[in-house]
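To start, the structure under review is shown below, and the notes come after it.
All values below come from the heavy atoms of this structure, side chains included, with hydrogens, waters and symmetry mates left out. Here is how names work: the chains are called A, B, and so on, in the same order as the sequence lines, proteins then strands, and each is numbered from 1.
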Amino acid sequence: MDLSFDLVTALDRMLAGAAPHAGLVEPGFTPEVRPADPVHGDFQANGVLAYAKRHRQNPRALADTLVRQLGELTPLFDIAIAGPGFINFKLKPATLLAWLKAHATRDALAAGAAAAEHGHTVVVDYSSPNTAKQMHVGHLRSAVIGEAICRLLEFSGAKVIRDNHVGDWGTQFGKLLWAYKRHLDPAALARDPLEEFERLYKTGNHAAEADPAVLKEAQQELVKLQAHDPENLALWKKINDTSLAAFQQIYDQLGIRFDAMLGESFYNDRVDQIYRELMACGLAGESQGALVVFHPEHPRFKTQPFIIRKSDGAANYATNDLATILYRAEHFHATDALYVVDKRQSDHFDQLFLTAGKWFEKTDRALPRLEHLDFGTVLGENGKPLQTRSGENIRLKDLLAEAVERSYRLVSEKNPELPDSDRRAIAQIVGVGSVQYADLSQNRSSDYVFAWDKMISLDGNTAAYLLYAVARIHSIFRKLGLPPGDAAPEAGAIPFETPAELALARKLTHFPDALDLAVQQLRPHFLCTYLYELAGEFSTFYNADKVALEDAPVRARRLILCNRTRLLLETGLQLLGLRLLTKM
RNA sequence: GGGGCGGUAGCUCAAUGGACAGAGCAUCGGUCUUCGAAACCGAGGGUUGCGGGUUCGAGCCCCGCCCGCCCCGCCA
């Protein structure tokens, strides 16, 4: 057995191959190899338990027979049978060293990881704000989680297409255009256009609510826009361009760059085909003046309609999303389409995917794997959705600015001797990274409480704690005058001996397990948990064992531990979308 | 009314049907003449909402109940 990146899979294959020689055959023995609790070893195989039960055999005796067939593994692992019949595998110190030598660079890690998603073309639909409005805290999670998922999939070998499905064709434009033509403040427009658009939208909205005549006029503006009236179309374009430029400032801070920006307007002239096809294949029918799809086999959707054309004849987001699936399948040849969208829209996606599945089947098309990657709400410390004291949505640019400002104050307090420009740069990385990491480190499906003090803190599972570990490693290499990626000082290393060395080396070799879990479930928090534990093991090691010592072979092996910890922390943080630093 | 998600330590959260349910915060107590103490080490703290069931094994799966949040026809 070679020391492959993915030791779980390698062990699993070994056991499956050895099983017939131990008499484990029908019906289908599966080794069930998985990472183990460190008190038991590195990996455990649980498969003999179920097999022994099915065949009324003694599981411990069966495990023993199987282990006897694993002679090839004994130079690499300590193998033990425990409890009712678990087989435990513990990497030997020399094996740990060999694995770490074989995975010394980012390229080596990427080469190992790339098998998992090879051959997949994944469109990821995330961020997707509405134009003419500023991005607010409600847009945070989709952007942050979506970007992390893109990076995880890319690293795992997928071709990823980042698609920002912006809401650039909504009903908001009627009211906005109405107000623009009557209440525009040119000075405000010049100063901060998006602010002014937002004010105008609110003006129009209030006016329309107060006066049905205004509502009618606003609807007329929308009709004119949709009929491609030159004046309204030019205004619409200006509003969108302004919005997208403002969005990009946020995306730049979050490290996001989209491959496609195909908003609702792009699909505007593609919806007629949807109506035609869905009616032709008998899926859609008229109900209360609207065109809808029911799913008779479904307990709820047999009565809860999926509306694809409103009674006024206009398309809505359902139509749009159907057209988008078709485009992604035909144009991007997507094997997978993922939607990073608020969990409150799960009914919509259930109906969308059901409808698309039947439609594609009836029209003999290949349906990509469609998945709604839901996420919970960002709550304030009162347990309610996070808002300003006056009940407004918190703007994302203000939220990020506050994170940077708080980090600046902290860096200045902890490290006042650094030049101000350095402290500013560090605060930018720590502040934005703290917001990203707080969002990612928790299971995306749950709501989470937004708490500044915990987020920026150096204590606990935070970005600052991880970045601090990275900075300390860089500091070691600076002090020794060694470039951090250099392999030469690692030569002559002898296998690990101290408890702290062994614990850290062991943790390092489990990076693939964490990555696999995060990618398979598309939940970045598994990677966060791992990185936090890794940083913790490093801190323990750093505290217990001195690196810069005279004994060359010991120093070499400790430098390997430092360098690999740095490599994995940096790689992991980048996969999450964070930027890196070397001092803080 | 129908449905979705959740309820785990005082608080915020982890835990792929596997071994004794783990972290952080907070509390209490230790560690800087030594590579960055923004750190480390240790202690206490649990009937996993309640009741049944399936399983060699359940926080996780099934059934019932209680509580909370969210969704349920033309917003997205």
Side-chain angles (χ1 to χ4, degrees), chain A residues 32 34-37 39-40 44 46 49-50 52-53 59 82-86 88 128-130 165 167 170-172 264 287-292 299-301 303-314 316-318 320-321 341-348 350 374 376-377 379 381 383-385 410-411 413-415 430 441-443 445-449 451 453-454 457-462 464-465 467-469 471-480 500 513 516-517 520-521 525-526 528-529 532-533 535-536 538-549 558 562 583-584:
Chain A
E32 290 182 37
R34 67 189 63 184
D37 187 309
V39 302
H40 301 117
Q44 58 179 305
N46 301 339
L49 283 164
K53 179 67 186 173
F86 301 115
N88 291 331
S128 309
N130 288 331
H165 194 73
T171 46
Q172 74 262 35
E264 291 171 347
S287 168
Q288 299 178 22
L291 191 63
V292 307
R300 240 164 347 117
F301 303 143
T303 52
Q304 185 179 319
F306 189 53
I307 299 173
I308 63 169
R309 189 176 62 202
K310 299 191 283 183
S311 52
D312 66 4
N316 66 355
Y317 66 115
N320 232 294
D321 281 349
V341 178
D342 194 302
K343 69 180 175 186
R344 284 174 293 196
Q345 291 188 40
S346 63
D347 269 8
H348 166 70
D350 287 349
D374 65 354
T377 308
L379 305 176
E381 302 202 45
K384 298 196 168 149
L410 192 65
V411 178
E413 175 198 322
K414 299 287 186 187
N415 226 341
V430 173
S441 59
Q442 203 152 138
N443 188 334
S445 297
S446 352
D447 297 347
Y448 83 97
V449 177
D453 291 338
K454 288 187 180 177
S457 167
L458 290 300
D459 299 314
N461 188 5
T462 64
Y465 179 79
L467 289 168
Y468 175 68
R472 273 205 303 197
I473 297 172
H474 278 281
S475 175
I476 294 169
F477 285 95
R478 273 197 302 271
K479 190 132 280 185
L480 293 173
D513 304 335
D516 179 65
L517 210 50
Q520 290 316 311
Q521 303 198 19
H525 79 279
F526 287 112
C528 295
T529 302
Y532 174 59
E533 289 169 357
F538 176 77
S539 290
T540 300
F541 157 78
Y542 177 86
N543 211 259
D545 295 336
K546 187 155 174 82
V547 177
L549 31 67
R558 290 186 183 171
C562 291
K583 274 184 209 175
M584 67 183 276

When all nucleic acid strands are considered with a 4.0 Å heavy-atom cut-off, which category describes A:Asn88: base, sugar-phosphate, or nothing? base

When all nucleic acid strands are considered with a 4.0 Å heavy-atom cut-off, which category describes A:Lys479: base, sugar-phosphate, or nothing? sugar-phosphate

Are A:Phe301 and A:Phe306 an aromatic pair, judged by ring center distance below 6.0 Å? no

Using the six-membered ring for Trp and the full ring for Phe, Tyr or His, decide whether A:Tyr542 stacks on the six-membered base ring of B:rC35 (centres under 5.5 Å, planes under 30°). yes

Whole-Å distance, A:Asp342 CG to B:rC75 C1', equals 14 Å

With sequence neighbours left out, what residues match A:Asp459 under salt bridge (charged side-chain N to carboxylate O under 4.0 Å, His left out)? none

A:His348 aromatic ring stacked with six-membered ring of B:rA76, 5.5 Å and 30°: no

Whole Å only: how far is the CD atom of A:Gln442 from the C1' atom of B:rU12? 8 Å

Is A:Lys343 salt-bridged to A:Asp447, cutoff N-O under 4.0 Å? yes

Using a 4.0 Å heavy-atom cut-off to protein, can you give one letter per nucleotide of nucleotides 56-69 of chain B, 5' to 3': B if the base is in contact, S if only the sugar-phosphate is, - if neither? S-------------

Starting at OH of A:Tyr317 and ending at P of B:rG73, how long is that distance when rounded to a whole Å? 10 Å

For nucleotides 1-6 of chain B, read 5' to 3', which letter fits each nucleotide if B means a protein heavy atom sits under 4.0 Å from the base, S means only the sugar-phosphate is that close, and - means neither? -SS---

